[in-house]
2 protein chains.
Amino acid sequence: MRDIADKLGVSSVTVSKALNDKDGVSGELKEKIKVLAVQMGYRYNAAARSMKEGLTHNIGVIIPERFTGPTQSFYVRVFQRITKHLEDQGYYGILHILNVEDEEELILPKLYSDNKVDGFIVLGQVSKEYIELVQSMDVPKMFLDFYDEHSDIDSVVTDNFYAAYELTNVLVQQGHRRIAYVGNLYSTSSIQDRFLGYYKSLLEHRLPMDQNLVLNDRDERGTFIEIDLPEQLPTAFVCNCDQVAHLLVQKLTSLGIQVPAQCSVVGFDNDIYATLSEPKLTTVEVDVEQMARTAVHSMLKKIDNPSRSFGRVHVKGNIIYRDSVSAAPALSDDASN
Amino acid sequence: MRDIADKLGVSSVTVSKALNDKDGVSGELKEKIKVLAVQMGYRYNAAARSMKEGLTHNIGVIIPERFTGPTQSFYVRVFQRITKHLEDQGYYGILHILNVEDEEELILPKLYSDNKVDGFIVLGQVSKEYIELVQSMDVPKMFLDFYDEHSDIDSVVTDNFYAAYELTNVLVQQGHRRIAYVGNLYSTSSIQDRFLGYYKSLLEHRLPMDQNLVLNDRDERGTFIEIDLPEQLPTAFVCNCDQVAHLLVQKLTSLGIQVPAQCSVVGFDNDIYATLSEPKLTTVEVDVEQMARTAVHSMLKKIDNPSRSFGRVHVKGNIIYRDSVSAAPALSDDASN
DNA sequence: CTGAAAGCGCTTACAG
DNA sequence: CTGAAAGCGCTTACAG
């Protein structure tokens, strides 16, 4: 405010009034001040007002953990771990659920312009344009559970590539030769990396890669679509997530195909769908705790020293063995295409 | 701080040092200051430090809405609506997920002692002891989706009583005479009120109330238990929530009983389990939007004027008609006991 | 070990 | 319409 005032040769009182649309400033001057504020990238200091007013303009919302329950989404669980680690460091997490419109219209959280936070953690892939917008913010930021090849962002991600590789290896070891991958390769980096891990396993075992066995599960905006099964069914499916695996199992079952006797299915994420499926899914569990801890500690280091950068940090996942995989049915020489 | 300093005849600098465990204060004095601070109910002014340091000690966590997805828990959805209304009023919501241990050991969120918020909204029933603890906080508070008969708290709740009454009426109108209620009456006030609404419908239609048709679904801590079906099956079940209805439908189906042909089932909440069930559940949808709006506006009025009180505010629910109800099977005079 | 002074960035009440 | 002054509650750097 002082800077704006000096530049315009007015007092900070006038600037304050203008920015708050209060009386006592001429309309013309008000406009000029507002424009300059934007130009100079001025952000309101909420703490100063808080102190003055004796109000924080924050409301605590308490939800008992048990009500966020087993159905809680993966990211809510991650958020919970993040806040835990933040609290240990004397910090708080303010959750901002970014809605579809704001993402499309490239609108930053008001949290930012109100200067309510020292940094941002973005949890879950956003559009390329939104990544760039986030990058333009003048505070440290960390990206969690995704990365972008083209931007130089600090991110913490599960090592999807190796996890999918290992998971596919499990299937190969069980004698499977015709293995499908289910996921839209152009949707998220996670899905891509998991696909590549799957592919690496095929390569390593000298199994042919059949484009007809790469099945689409969603459009590019993430909405699920009906999965088109190939005419000649594979003996195993590597699904990019448990939810899709769940849907696939339902579909197979409704077609009279037994899982895992006739067809093995593996998922990813170890979320509610993994245990909700019948049979329960063999899948990969993301190390939520480790991811949250890494993200928080990196963030705090960046707050201390904004020039620090971490690049892409990988966190290992763990395979959870359940009941959706069995040995491949006796070979009928399918694999020879 | 000043007050503490005056009372002890020292300076506020000394108090600051003592409270922050910094050097430059004798151990003895430090102790005395800390004890007095607690006695006087001193709470740290985080805004003042923020201003001084230029740090807010908050981190924004951004989660794209689509990733909180359809599986998101009911309360997360409510939280989202709450923050929306808060933002419209220049406020922010800080989510605190209260874990089981803190609730049992009666530990308040650090948010409170750090003076990071102007008030609290408690979303979801907590223990009587915790309610009292919350009540003891020196800021406005609102309770959402539950109330306590014995405490004089401001709460916003769905009109469970009438919704259950109307839902049971639907069953009666379809010719059902032997209708069971599923839920532990001693678990939450919602379950109790829904039961009473069910009972009112029975009374009004002169149907006998059979204690054997009140089925337990969980222990008092909320953990689900196997539902004990009565020997003579009712023709309809009013379940206290969709999740239990979902479990019940699965159980009935596995026993070879067709829903709704042989047995109708209704749920409550219209959450993910309502559409996940086969058949999809007829249920009651809570008016999340209205509840969130009421809670936020009441809260802000209380911040303006702490002596305001609202008591119990009811918000109507809507019945959602789906496929889990049909006319009662032809009577075999079961109802005569 | 203790404290007086300055300052963080804003707003409010008042004077011009 | 504009601005000088005071103050919100803390911490830091410095003097004693």
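Note that the structure is predicted; figures quoted are calculated from it, not measured. We name chains A, B, ... by the order of the sequence lines, and we start the count at 1 in each one.
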Could you tell me the separation between the [atom1] atom of [X] and the [atom2] atom of [N], rounded to a whole number of Å?
| X | N | atom1 | atom2 | result |
| --- | --- | --- | --- | --- |
| B:Asp6 | C:dG3 | CG | P | 11 Å |
| A:His57 | C:dC10 | NE2 | P | 14 Å |
| B:Ile33 | C:dG3 | CD1 | P | 9 Å |
| A:Leu55 | C:dC10 | CG | C1' | 14 Å |
| A:Ile4 | C:dG9 | CD1 | P | 13 Å |
| B:Asn45 | D:dG7 | CG | P | 17 Å |
| B:Tyr44 | D:dC8 | OH | P | 17 Å |
| B:Asn115 | D:dG9 | CG | P | 11 Å |

Practice task
Using heavy atoms to find the nearest nucleotide of DNA chain C for B:Val10 and B:Glu53 separately, return the residue whose nucleotide is more 5′.
Solution key: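 It is B:Val10 whose nearest nucleotide is closer to the 5' end.
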
Problem - DNA chain C: 5'-proximal contact among A:Val13 and B:Met51 (nearest heavy atom) - result: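 Checking each residue's closest nucleotide, the 5'-ward one belongs to B:Met51.
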
Regarding [X] and [Y], is there a side-chain donor-to-acceptor distance under 3.5 Å anywhere?
| X | Y | result |
| --- | --- | --- |
| A:Asp118 | A:Tyr91 | yes |
| A:Tyr42 | A:Asp3 | no |
| B:Tyr130 | B:Asp102 | no |

Problem - Side chain of A:Lys52 (C-beta onward), nearest among D:dG3, D:dG7, D:dA13 - result: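 My answer, after comparing the listed nucleotides, is D:dG7.
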
Practice task
Check A:Lys17, A:Lys32, A:Glu31 against A:Val25 for a side chain to side chain contact (heavy atoms under 4.5 Å, CB included) and give me the one that passes.
Solution key: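 Result for side chain to side chain contact (heavy atoms under 4.5 Å, CB included) with A:Val25: A:Lys17.
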
Handout entry: Base-pairing string, 5' to 3', of DNA chain D - Watson-Crick or wobble, under 3.5 Å, | interstrand
Key = |||.||||||||.|||

Salt-bridged, [X] to [Y], with N to O below 4.0 Å?
| X | Y | answer |
| --- | --- | --- |
| A:Lys302 | A:Asp154 | yes |
| B:Asp21 | B:Lys34 | yes |
| B:Lys84 | B:Asp88 | yes |
| B:Glu132 | B:Lys128 | yes |

Exercise for the section: May I ask you to verify whether the side chain of A:Lys17 and the base of D:dG3 hold a donor-acceptor pair under 3.5 Å? Expected result: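 A donor-acceptor contact between them is present.
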
Practice task
Taking only heavy atoms on the protein side, list every residue of residues 19-30 of chain A lying under 4.0 Å from any atom of DNA chain C, sorted numerically.
Solution key: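 When residues 19-30 of chain A is checked for heavy atoms under 4.0 Å from DNA chain C, the hits, listed by number, are A:Asn20, A:Lys22.
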
Exercise for the section: Using only side-chain N and O atoms of B:Ser16, determine if any of them is under 4.0 Å from OP1 or OP2 of D:dC10. Expected result: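 B:Ser16 to D:dC10 OP1/OP2: no side-chain N or O under 4.0 Å.
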
Exercise for the section: First locate atom CD of A:Glu289, then atom CZ of A:Arg81, and finally report the distance between them rounded to the nearest 0.5 Å. Expected result: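 Going from CD on A:Glu289 over to CZ on A:Arg81, the span is 4.0 Å.
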
